[in-house]
Amino acid sequence: MSKFQTLETYETPLEAGYKLLPFNFTKLRDSQYVLTNQAGEYLVLDRPDIENLVHHKLDARSDAYKSLKSKHFLIDEDSSVALDLLPLKLRTKLHRLADFTGLHIFVVSLRCEHSCPYCQVSRQNDDKVAFDMSKETADKALAVTFRSPSPVLKIEFQGGEPLLNFDLIKYIVHRAEEINQTEKRRLQFVIATNLAVVTDEILEFCKTHNILISTSLDGPRDLHNSNRPRPGHDSYERAIQGIKRAREVLGRDRVSALMTTTQASLGRGKEIIDEYIEQEFDGIFLRSLSPYGFAIKTKSYRAYSKDDWLKFYFEGLDYIIQINKDGFHFIEQYASLLLTKMLTPYSTSYVDLMSPAGIGVAVVVYNYDGDVYASDEGRMLAEMKDKTFCIGNLHQHTYEEIYTSEKLLAPLEESFAASAPMCNECAFEPYCGAEPVFHYATQKDYVGHKPTSNFCKRSMTILRRLISLMQDDPATKEIFYRWARV
């Protein structure tokens, strides 16, 4: 891989035919290489074309030359106007930074009646009300929430099982709506719930206040019940019943679901995908375990390797692509996020794929006890007695003190991928995220050691596969363009 710096390339005389703009290139396969520039545009070139390009011998009449010029990898004597588009592209990619923190997570309770062995939160028994957020803490969290300059504020209720403290959810929704009468933000609410304890009263409240539901569905009945045990051994039945009831009251598009890959999920990707189709979801996020909470204590995180998960992921991705080729629209949502960054002018608000890192900038977490965390993963890490990403406390610190905390600023600065060692020379850098929490949790370093980083290996392997699929099959490329979201 290599990087061509602006200082060097602009010294090349225009008489040589063209000037190179900064770009990275990384081997894709055999003699093919992926090139990306600062704005996230990409091209695939054969090695001879790259050699001709860097030695200023590339034929201006060739398709490679025209593509490189149109995507701002080079300029020539008639590129003066088009060159102004490059900073515009970069500014568009980073436009979300100007809005600042839009997602505000309220952990209203750690109580939960499930006992999932892979739980990343370290939940508490459902009778321990000491782990519920108080109204006083909620009021302080709302005050900080509305200090954010973001025109869109999304308040997400998490747990444990947040519905076990539904009275506080109602209080927060009413207070937020009252405050917003003068603030005039686009206010959104989400409840992340297993739906096991949902009632008609709760659903009617959600309908009245336009609240979205996000739930968990790990696959068919036996797999879901095994992954997500609860008294009565009926987690799947309650989840499916809850999804149906919620859709009847709120509407089909107001209910989403997430799965988590456990060791028991391996080899069952098609069954899991079929379950999502059976339940009339239009996509699935094939999600791996994260190194936090009970997932570490119960050794669930290390129950399978990165390669095991990638095999599972690619089997699922291939199956989903074929489903689309057969005429049924269904999305793999992680691929969709990556493709959005690759194929559109825009970035994504998915925290794991943001650089600068999304911690604090895109999301903040208010824990039940008033502690403020830079991300949900930072909160999960704290449940393992490591409060590295606790950036303040609602009862002790102001908005300014929280967001200028060195615990936030240091990982943001150190993990910026465009300047991080190895990342700054990688062609996949525009599409990856910084992920300082993951790297700290696994390597005790905000940047991480890239050659041994599971996050990097996973991202690079998937990106290579996505690009290769688009290179090899026009039908798959068309499907992927439909998956990319604007």
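- Between Tyr373 and Lys387, some side-chain heavy-atom pair lies under the 4.5 Å cut-off.
- Of the possible donor and acceptor atoms, none in the side chain of Thr101 sits under 3.5 Å from a partner among the backbone N and O of Ala362.
- Taking 4.0 Å as the cut-off between side-chain N and carboxylate O, Asp218 and Arg287 do not count as a salt-bridged pair.
- Within a 6.0 Å radius of NZ in Lys311, no more than 12 heavy atoms belonging to other residues, nucleotides or ligands are found.
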Full working for side chain to side chain contact (heavy atoms under 4.5 Å, CB included) between Val361 and Val351: CA-CA 9 Å; Val361 176; Val351 175; over 6 Å; no
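- Asp473 and Lys325 are joined by a salt bridge, as a carboxylate oxygen and a charged side-chain nitrogen come within less than 4.0 angstrom of each other.
- Checking side-chain atoms of Asp46 against main-chain N and O of Pro48 turns up no donor-acceptor pair under 3.5 Å.
- The closest side-chain heavy-atom distance from Val107 to Pro162 is not below 4.5 Å.
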Side chain to side chain donor-acceptor pair (under 3.5 Å) evaluation trace for Asp59 with Ser62: CA-CA 5 Å; Asp59 187 345; Ser62 67; 5.6 Å; no
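- Interatomic distance, Ile272 CD1 to Glu275 CD, rounded to the nearest 0.5 Å: 9.5 Å.
- Shortest non-hydrogen contact noted between Ser375 and Val365 is C-CG2, 3.4 Å.
- For residues 454-482, every residue pair satisfying the ring pair (Phe, Tyr, Trp, His ring centres under 6.0 Å) rule, not counting sequence neighbours, is listed here: His439-Phe455, Phe480-Trp483.
- With a 4.5 Å cut-off on side-chain heavy atoms, His56 and Leu58 do not count as touching.
- At most 12 non-hydrogen atoms from other residues, nucleotides or ligands lie less than 6.0 angstrom from CG of Asp30.
- Heavy atoms from other residues, nucleotides or ligands lying under 6.0 Å from NZ of Lys407 number more than 12.
- Among all heavy-atom pairs drawn from Pro229 and Cys116, the shortest one is CD-CA, 4.0 Å.
- The number of heavy-atom neighbours closer than 6.0 Å to CZ of Arg47, taken from other residues, nucleotides and ligands shown, is 12 or below.
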Side chain to side chain contact (heavy atoms under 4.5 Å, CB included) assessment of Met460 paired with Cys426: CA-CA 10 Å; Met460 292 175 71; Cys426 179; 4.2 Å; yes
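- A donor atom on one side chain and an acceptor atom on the other are found under 3.5 Å apart for Tyr440 and Thr388.
- Counting non-hydrogen atoms of other residues, nucleotides and ligands closer than 6.0 Å to NZ of Lys444 gives a total above 12.
- A donor-acceptor pair under 3.5 Å is formed between the side chain of Thr26 and the backbone N or O of Ala427.
- Stacking of Lys69 on the aromatic ring of Tyr18 is not recorded, the 6.0 Å distance cut-off and the 45° axial limit not both being met.
- In this view, Lys89 and Ala39, Glu41, His72 satisfy the side-chain contact (heavy atoms from CB on, under 4.5 Å) rule, not counting sequence neighbours.
- Considering every non-hydrogen atom in both Leu412 and Ile359, the closest pair reads CD2-O, 3.7 Å.
- Taken from CD in Glu315 to CG in Leu317, the straight-line distance is 11.0 Å, to the nearest 0.5 Å.
- For Ser70 and Ser67, the side-chain atoms include no donor-acceptor pair closer than 3.5 Å.
- Side-chain contact annotation: Glu161 with Thr193, donor-acceptor N/O pair under 3.5 Å present.
- The ring pair (Phe, Tyr, Trp, His ring centres under 6.0 Å) search around Phe106 returns Tyr366, not counting sequence neighbours.
- Heavy-atom neighbours of Arg482 CZ from other residues, nucleotides or ligands within 6.0 Å: above the threshold of 12.
- Cation-pi contact between Arg379 and Phe389: absent, since separation from the ring centre below 6.0 Å together with deviation from the ring axis within 45° is not met.
- At a threshold of 4.5 Å between non-hydrogen side-chain atoms, the residues Leu53 and Leu35 count as touching.
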Full working for side chain to side chain contact (heavy atoms under 4.5 Å, CB included) between Phe314 and Leu310: CA-CA 6 Å; Phe314 288 134; Leu310 284 169; 4.2 Å; yes
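- Ring orientation note: the planes of Phe285 and Tyr334 are tilted relative to one another, at an angle of 30° to 60°.
- How far CG of Asp445 is from NE2 of His449: 10.0 Å, rounded to the nearest 0.5 Å.
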Asn37 vs Leu21, side chain to side chain contact (heavy atoms under 4.5 Å, CB included): CA-CA, chis, key distance, verdict: CA-CA 8 Å; Asn37 63 16; Leu21 297 177; over 6 Å; no
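- At most 12 heavy atoms of other shown residues, nucleotides or ligands fall within 6.0 angstrom of atom CG in Asp63.
- Interatomic distance, Asp376 CG to Leu381 CG, rounded to the nearest 0.5 Å: 11.5 Å.
- The shortest non-hydrogen separation linking Ala434 to Ala357 is CB-CB, 3.9 Å.
- Using a 4.0 Å cut-off between charged nitrogen and carboxylate oxygen, Arg29 and Asp472 count as a salt-bridge pair.
- Counting only heavy atoms from C-beta outward, the side chains of Tyr276 and Met259 approach each other to under 4.5 Å.
- Distance CG/Leu217 to NE2/His224: 6.0 Å, rounded to 0.5 Å.
- Of all heavy-atom pairs spanning Ser347 and Arg96, the tightest one is O-NH2, 3.7 Å.
- Closest approach of Phe281 and Val255 over heavy atoms only: CE2-O, 3.7 Å.
- Using a 4.5 Å heavy-atom threshold, the side chains of Asp307 and Lys457 count as separate.
- Looking at Leu43 and Leu68, their side chains come closer than 4.5 Å, going by heavy atoms from C-beta outward.
- Around CD of Glu478, the count of heavy atoms belonging to other residues, nucleotides or ligands within 6.0 Å does not exceed 12.
- In this structure, Gln443 CD and Ser453 OG are separated by 5.5 Å, a value rounded to the nearest 0.5 Å.
- Here the side chains of Arg185 and Val152 are not in contact, with every heavy-atom distance at 4.5 Å or above.
- Not a single donor-acceptor pair under 3.5 Å links the side chain of Ser415 to the backbone N or O of Val447.
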